[in-house]
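Atoms within each ligand, like the ligands themselves, are counted from 1 in listed order.
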Amino acid sequence: MTTPSVNIRTQTLEELELFFREHGEQRYRARQVYDWIWKKTARSFDQMTDISKATRELLKSHFTLNALEVYTTQRSEDKTIKMSFRLFDGHIIEGVLIPSGNRMTACISSQVGCNLACKFCATGMIRYIRNLHFEEIFDQVAIIQETALKEYGHPLSNIVYMGMGEPMLNYQNVLRSAEKISSPDSLGMSPQRITVSTVGIASMIRQLGNDKVRFNLALSLHSAINEKRNQIIPYNLRNSLEDLVEAVKHFHQQTHSRITIEYVMLKGFNDSITDARALADFCKNFPVKVNLIQYNPVENVPYEDSGPERTEAFRLFLEKLNMVVNVRRSRGKDIDAACGQLANKIIHQHKI
Ligand code: SAH
């Protein structure tokens with residue numbers, strides 16, 4: 001028997017109905033299988049226990065599922081859980097479960113590696129390998145959801161595309177995965193609970209507006225001064241802050257949603273009052289919420305976190321201008337699960 005090459009998760013319900021009809025089986029089987037895949041998030045055909053063994057064998061001989069497998073699980077003192085997953089072709093990615101207050105957040109990856117090479121980010125040090133398929137993005141949510149229920153007795157409340165990779169360079173798969181996560185046919189989570197974070201790819205931000213997406217957009221700004229942003233985010237040379245302002249304005253006009261601005265606090269680099277003023281100017285163009293993010297140190301990287309005092313001064317300056325500002329402390333630092341620390345070690349250890 002040759003190995004099947006069609007991934008069953010690329011099939012629509014109608015295609016599955018046709019498949020069953022062609023194989024002399026009842027049409028309702030298609031709905032049953034479809035629900036196993038998308039509602040009950042089965043990651044093997046043998047999990048589909050109310051489907052006869054013969055039918056499961058029929059499915060196995062025609063389709064693959066290419067599901068993620070949990071590879072490692074690490075628990076932090078602060079209850080954050082980092083998981084690494086093995087993809088069907090052997091590559092490893094990471095996702096994180098972050099419980100905080102009444103929130104259960106899953107932080108998921110969109111690519112294997114990353115080619116943005118942001119100077120402060122550990123993921124930026126590893127090479128880009130490939131985009132994740134939409135069902136691989138979906139599996140991370142399904143597995144982290146199961147972990148949340150098992151370990152803490154609560155389902156996920158939020159999903160953030162802030163793991164490895166740049167979601168806007170894997171546009172179709174990111175949109176399709178978000179659609180699945182929020183579809184009533186599947187996990188049925190509110191799109192307002194999903195946030196996609198981007199380094200700021202102007203053309204794709206415009207596209208998100210044209211597609212009138214219903215999830216939230218976070219922009220990793222980190223400096224509102226072009227010369228400084230160029231130094232830490234090479235992509236800024238491809239589209240400047242001015243291009244970003246226009247793209248985000250368009251996104252806001254189309255979706256009416258508020259933008260989250262992420263700003264990692266780098267000591268002596270982007271944390272002065274001049275920097276805060278530039279940030280405030282940038283944010284005048286659309287409604288925003290600013291997250292000031294504690295910097296997580298990365299090996300062989302010269303940047304340091306600004307520390308509580310400088311961060312507080314920065315926050316107060318923005319708040320005096322009536323801006324909405326949150327200070328985000330790091331989670332899961334002891335297990336390298338914090339922002340920008342993903343995958344480095346595992347990928348190097350296994351030389352993938
Ligand atoms: N490529 C996307 C999503 C992945 S990174 C993006 O750029 O938004 C998720 C967030 O973590 C980004 O805001 C990123 O700039 C930030 N980040 C990266 N390294 C970090 C570090 N060491 N400490 C704190 N935040 C970091």
Side-chain angles (χ1 to χ4, degrees), residues 80 82 93-96 98 105-126 128 131-132 137 140 158-171 173-174 177-178 194-202 204-205 208 215-224 228-229 231-236 238-239 244 247-248 259-267 269-271 279 288-307 311 326-333 335-345:
T80 298
K82 178 166 80 166
I93 54 158
E94 293 184 329
V96 188
I98 311 155
T105 304
C107 173
I108 56 172
S109 296
S110 56
Q111 298 183 315
V112 188
C114 186
N115 55 14
L116 293 175
C118 299
K119 296 286 183 282
F120 49 85
C121 177
T123 314
M125 317 265 158
I126 58 183
Y128 165 81
N131 278 336
L132 292 181
I137 302 176
Q140 296 174 66
N158 297 73
I159 314 281
V160 296
Y161 286 68
M162 294 187 187
M164 298 162 71
E166 168 51 46
M168 289 301 99
L169 294 177
N170 186 11
Y171 191 86
N173 285 303
V174 163
S177 64
I194 302 176
T195 300
V196 173
S197 176
T198 177
V199 73
I201 297 180
M204 292 296 123
I205 293 176
L208 287 174
F215 51 72
N216 300 301
L217 178 66
L219 172 63
S220 298
L221 192 67
H222 308 330
S223 174
K228 281 198 188 185
R229 198 166 189 264
Q231 285 177 46
I232 50 172
I233 302 179
Y235 201 88
N236 199 59
R238 308 264 296 267
N239 57 222
L244 275 181
V248 176
I259 295 43
T260 300
I261 301 290
E262 291 164 280
Y263 197 98
V264 64
M265 298 298 294
L266 301 172
K267 188 176 187 175
F269 180 77
N270 65 355
D271 58 356
L279 172 59
V288 299
K289 171 178 90 174
V290 177
N291 285 342
L292 301 180
I293 304 167
Q294 189 182 340
Y295 179 62
N296 304 305
V298 170
E299 249 172 71
N300 302 323
V301 166
Y303 298 106
E304 269 178 69
D305 178 55
S306 298
T311 304
N326 296 302
V327 175
R328 293 260 182 250
R329 65 192 175 86
S330 241
R331 301 292 307 271
K333 259 189 172 172
I335 55 166
D336 284 331
C339 284
Q341 298 190 316
L342 291 188
N344 212 14
K345 289 199 178 145

A.B. asks: Does Q111 offer a backbone N or O that forms a donor-acceptor pair with the side chain of Y128 under 3.5 Å?
C.D. replies: no
A.B. asks: Do V174 and I137 come close enough that some side-chain heavy atom pair is under 4.5 Å?
C.D. replies: yes
A.B. asks: Looking at T198, which atoms of ligand 1 are within less than 4.0 Å of one of its heavy atoms?
C.D. replies: 6 (C), 7 (O), 8 (O)
A.B. asks: Under a 4.0 angstrom heavy-atom cut-off, which atoms of ligand 1 come close to Y295?
C.D. replies: 21 (C), 22 (N), 23 (N)
A.B. asks: Under 4.0 Å from a heavy atom of C121: give me the atoms of ligand 1 that qualify, with their elements.
C.D. replies: 18 (C), 19 (N)
A.B. asks: Using atom types as modelled and distance alone, determine if a side-chain donor or acceptor of N291 lies under 3.5 Å from a backbone N or O of T260.
C.D. replies: no
A.B. asks: Under 4.0 Å from ligand 1, counting heavy atoms only, is it the side chain of E166, its backbone, both or neither?
C.D. replies: both
A.B. asks: Determine whether any heavy atom of M168 lies closer than 4.0 Å to an atom of ligand 1.
C.D. replies: no
A.B. asks: Under 4.0 Å, heavy atoms only, figure out whether ligand 1 is touched by the backbone of V264, its side chain, both or neither.
C.D. replies: side chain
A.B. asks: Side chains of E166 and S110: donor-acceptor distance under 3.5 Å anywhere?
C.D. replies: no
A.B. asks: Strictly distance-based, threshold 3.5 Å: is any side-chain N or O of D305 a donor or acceptor partner for the main-chain N or O of P297?
C.D. replies: no
A.B. asks: Between Y171 and L208 (side chain of the first, backbone of the second, donor and acceptor by atom type, cut-off under 3.5 Å), is there such a pair?
C.D. replies: yes
A.B. asks: Is there side-chain contact between V298 and Y303, with heavy atoms separated by less than 4.5 Å?
C.D. replies: no
A.B. asks: For the side chain of T195 and the backbone of V160, is there at least one donor-acceptor N/O pair under 3.5 Å apart?
C.D. replies: no
A.B. asks: State the atoms of ligand 1, each with its element, that fall below the 4.0 Å cut-off from a heavy-atom position in H222.
C.D. replies: 13 (O), 14 (C), 15 (O)
A.B. asks: Counting from 1, what ligand 1 atoms have a heavy atom of V199 closer than 4.0 Å?
C.D. replies: 6 (C), 7 (O), 8 (O)
A.B. asks: Should one rank G200, G163, S197 by closest heavy-atom distance to atom 4 (C) of ligand 1, which comes out on top?
C.D. replies: G163
A.B. asks: Just wondering, do T198 and M204 contact through their side chains at under 4.5 Å, heavy atoms?
C.D. replies: no
A.B. asks: Out of S220, S109, G165, whose heavy atom is nearest to atom 6 (C) of ligand 1?
C.D. replies: S220
A.B. asks: Heavy-atom contacts under 4.0 Å between V298 and ligand 1: side chain, backbone, both, or neither?
C.D. replies: side chain
A.B. asks: Would E262 count as being in polar contact with ligand 1, using the rule that some N or O on each side must be under 3.5 angstrom apart?
C.D. replies: yes
A.B. asks: Any atoms of ligand 1 less than 4.0 Å from a non-hydrogen atom of Q294? List them with their elements.
C.D. replies: 24 (C)
